[in-house]
S.K.: 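The following block contains the structure, expressed as structure tokens.
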Amino acid sequence: MSNNESWPKTILTGAQMLFVAFGALVLVPLLTGLDPSVALFTAGVGTLVFHGVTKQTVPVFLASSFAFIAPIQGSIASFGVSATMGGLMAAGLVYVAISQAVRLKGTGWLHRLLPPVVVGPVIMVIGLALAPVAVSMATGETSDNIGYGQAIFLSMASLLVTLVLAVFGRGILRLVPIMGGIATGYILALIMGVVDFTPVDNAAWLALPSFTAPSFHWAAILFMIPVAIAPAVEHIGDMVAIGSVTRKNYLEKPGLHRTLLGDGLATTTAALFGGPPNTTYSEVTGAVTLTRAFNPQYMVIAAIIAIILAFVGKLGAFLQTIPGPVMGGIMTLLFGSIAVVGMNTLVRAGQSLTAARNLVVVSLILVFGIGGMQFGGGQFTLQGVSLAALVGITLNWLLPAETEGE
């Protein structure tokens, strides 16, 4: 820490970084049925692992990855929480393997294997495959005590506030549109009397998060492994993004192999305790851009605060009282924005999407991924993001490159 910064300022800035990440951090466990307190704990520990590996050089905070929401929901339904954690540990190890391949061979092979025509649509699938989940939560289908009319009112009010803050917000307001939306929806739900406080009353102030140990099943592991591809590619984008903000090349120092290794170990560590996989948070990169808080130490402080909060039992219980429609309204925007990140990947690449080869690759990834196409059955079912990623990689590999002048 530089001498001219006081501890209170460092702690406050760190707390603010956690505040910005908080909405999305707890959103993933709330949507997938995992424990928000465990997610807080594993985000903190994962961030510390990452900064340990990269020697505190990159100002990023790691927390629950959105890319894994649909796969976690599917895997928990099919294999249970413990086996899902085993699959997620394996996904973290895929990162570790990619990081070592990057260390030995550089990044050229990764870009050849996963060019924008594959990565863009796969990221779009991650967002759009979830669209029905968001809508069913927004319309109250997942809530027992909230009717359709109330649900639509709550979800659209939350969405509206989130939109207004995201588009018109200035300064710190611009960084917390999700928190603003959730707070508004929550207050309205309180006024309407649809919030159940029993879990908060029953929870202790201090409590151990309900950790879940992983168990290993082939089916759950094979189900999860391909999902790791998209976030691994996204990770490179995140490193470039934060580097363009701080004017540093993190692919050189600490090196992409180190940041990928840190990310992979953070995900594997999170799964060890029963938390969702970790990824570098773009929201926090946004906060860094706005506040010019480039010191990685702030992220370490944010991580420590997250770990402390994980043991406040009433906080975890309180988060679980947020009504489904409030979350659903905000998810409609979040999942859409994941799809837009994918579109942006395609647009930035500047390739002609109507060229026959690209058209085939993108079309099949989208329809197989979003339409629910599946191959195989029982233990070895390939569907969703994993099928889309494999189809994309295979087609991109087999189809001849476009010749100029088409």
Side-chain angles (χ1 to χ4, degrees), residues 18 20-36 38-47 49-50 60-76 81 84-96 98-99 119 122-130 133 178 214 223-239 241-242 259-286 299 303 306 331 334-335 337-339 341-342 345 384-386 388-389:
L18 177 62
V20 170
F22 194 83
L25 191 170
V26 296
L27 191 60
V28 176
L30 290 173
L31 300 182
T32 50
L34 301 175
D35 185 321
V38 174
L40 263 169
F41 178 81
T42 55
V45 172
T47 302
V49 166
F50 179 88
V60 290
F61 183 81
L62 279 74
S64 328
S65 165
F66 277 46
F68 285 89
I69 295 177
I72 291 174
Q73 285 173 332
S75 180
I76 289 178
V81 176
T84 299
M85 289 304 139
L88 292 171
M89 277 189 83
L93 296 174
V94 171
Y95 271 87
V96 174
I98 293 175
S99 79
V119 179
V122 166
I123 296 174
M124 288 168 74
V125 166
I126 289 171
L128 295 176
L130 287 165
V133 177
I178 293 175
F223 181 78
M224 252 341 146
I225 282 178
V227 184
I229 294 167
V233 175
E234 194 189 353
H235 172 94
I236 302 173
D238 286 341
M239 286 303 124
I242 186 79
T259 61
L260 269 168
L261 177 66
D263 209 338
L265 291 176
T267 289
T268 303
T269 311
L272 205 54
F273 291 98
N278 281 320
T279 187
T280 42
Y281 256 30
S282 308
E283 292 94 326
V284 178
T285 302
M299 303 304 171
M331 280 160 59
L334 287 179
F335 295 161
S337 60
I338 296 176
V341 169
T345 308
V385 182
S386 39

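Please read all numbers here as calculations on a predicted model, not as lab measurements. Reckoned from all heavy atoms, side chains included, excluding hydrogens, waters and symmetry mates.
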S.K.: For I72, which of S64, P277, S65 qualifies under side chain to side chain contact (heavy atoms under 4.5 Å, CB included)?
M.R.: P277
S.K.: Let me know which of D263, L261, T267, L260 forms a side chain to side chain contact (heavy atoms under 4.5 Å, CB included) with V96.
M.R.: L261
S.K.: Can you name the residues that form a side chain to side chain donor-acceptor pair (under 3.5 Å) with T279, not counting sequence neighbours?
M.R.: none
S.K.: Hey, what do you get for OG1 (T280) to CZ (F50), rounding to the nearest 0.5 Å?
M.R.: 7.0 Å
S.K.: Just verifying a value: how many Å separate L34 CG and I69 CD1, rounded to the nearest 0.5 Å?
M.R.: 10.5 Å
S.K.: Which heavy atom of L30 sits nearest to which heavy atom of P36, and what is that distance?
M.R.: CD2-CG, 3.8 Å
S.K.: So which atom in H235 and which in T259 form the shortest heavy-atom distance, rounded to 0.1 Å?
M.R.: NE2-OG1, 2.8 Å
S.K.: Give me the atom names and distance for the closest heavy-atom approach of F223 to P71.
M.R.: CE2-O, 3.1 Å
S.K.: Are any side-chain N or O atoms of T47 and backbone N or O atoms of L62, one a donor and one an acceptor, separated by less than 3.5 Å?
M.R.: yes
S.K.: Quick check: closest heavy atoms across G46 and A266, and the distance to 0.1 Å?
M.R.: O-CB, 3.4 Å
S.K.: How far apart are the closest heavy atoms of V49 and G262, and which atoms are they?
M.R.: CG1-O, 4.3 Å
S.K.: With sequence neighbours excluded, what pairs up with A388 under the side chain to side chain contact (heavy atoms under 4.5 Å, CB included) test?
M.R.: V125, I365
S.K.: What heavy-atom pair brings P29 and A39 nearest, and what distance separates the two atoms?
M.R.: CG-CB, 3.5 Å
S.K.: Side-chain polar contacts of residues 84-91 - donor-acceptor pairs under 3.5 angstrom, sequence neighbours left out - could you list them?
M.R.:
| from | atom 1 | to | atom 2 | distance (Å) |
| --- | --- | --- | --- | --- |
| T84 | OG1 | S75 | OG | 2.8 |
| T84 | OG1 | I76 | N | 3.4 |
| T84 | OG1 | G80 | O | 2.6 |

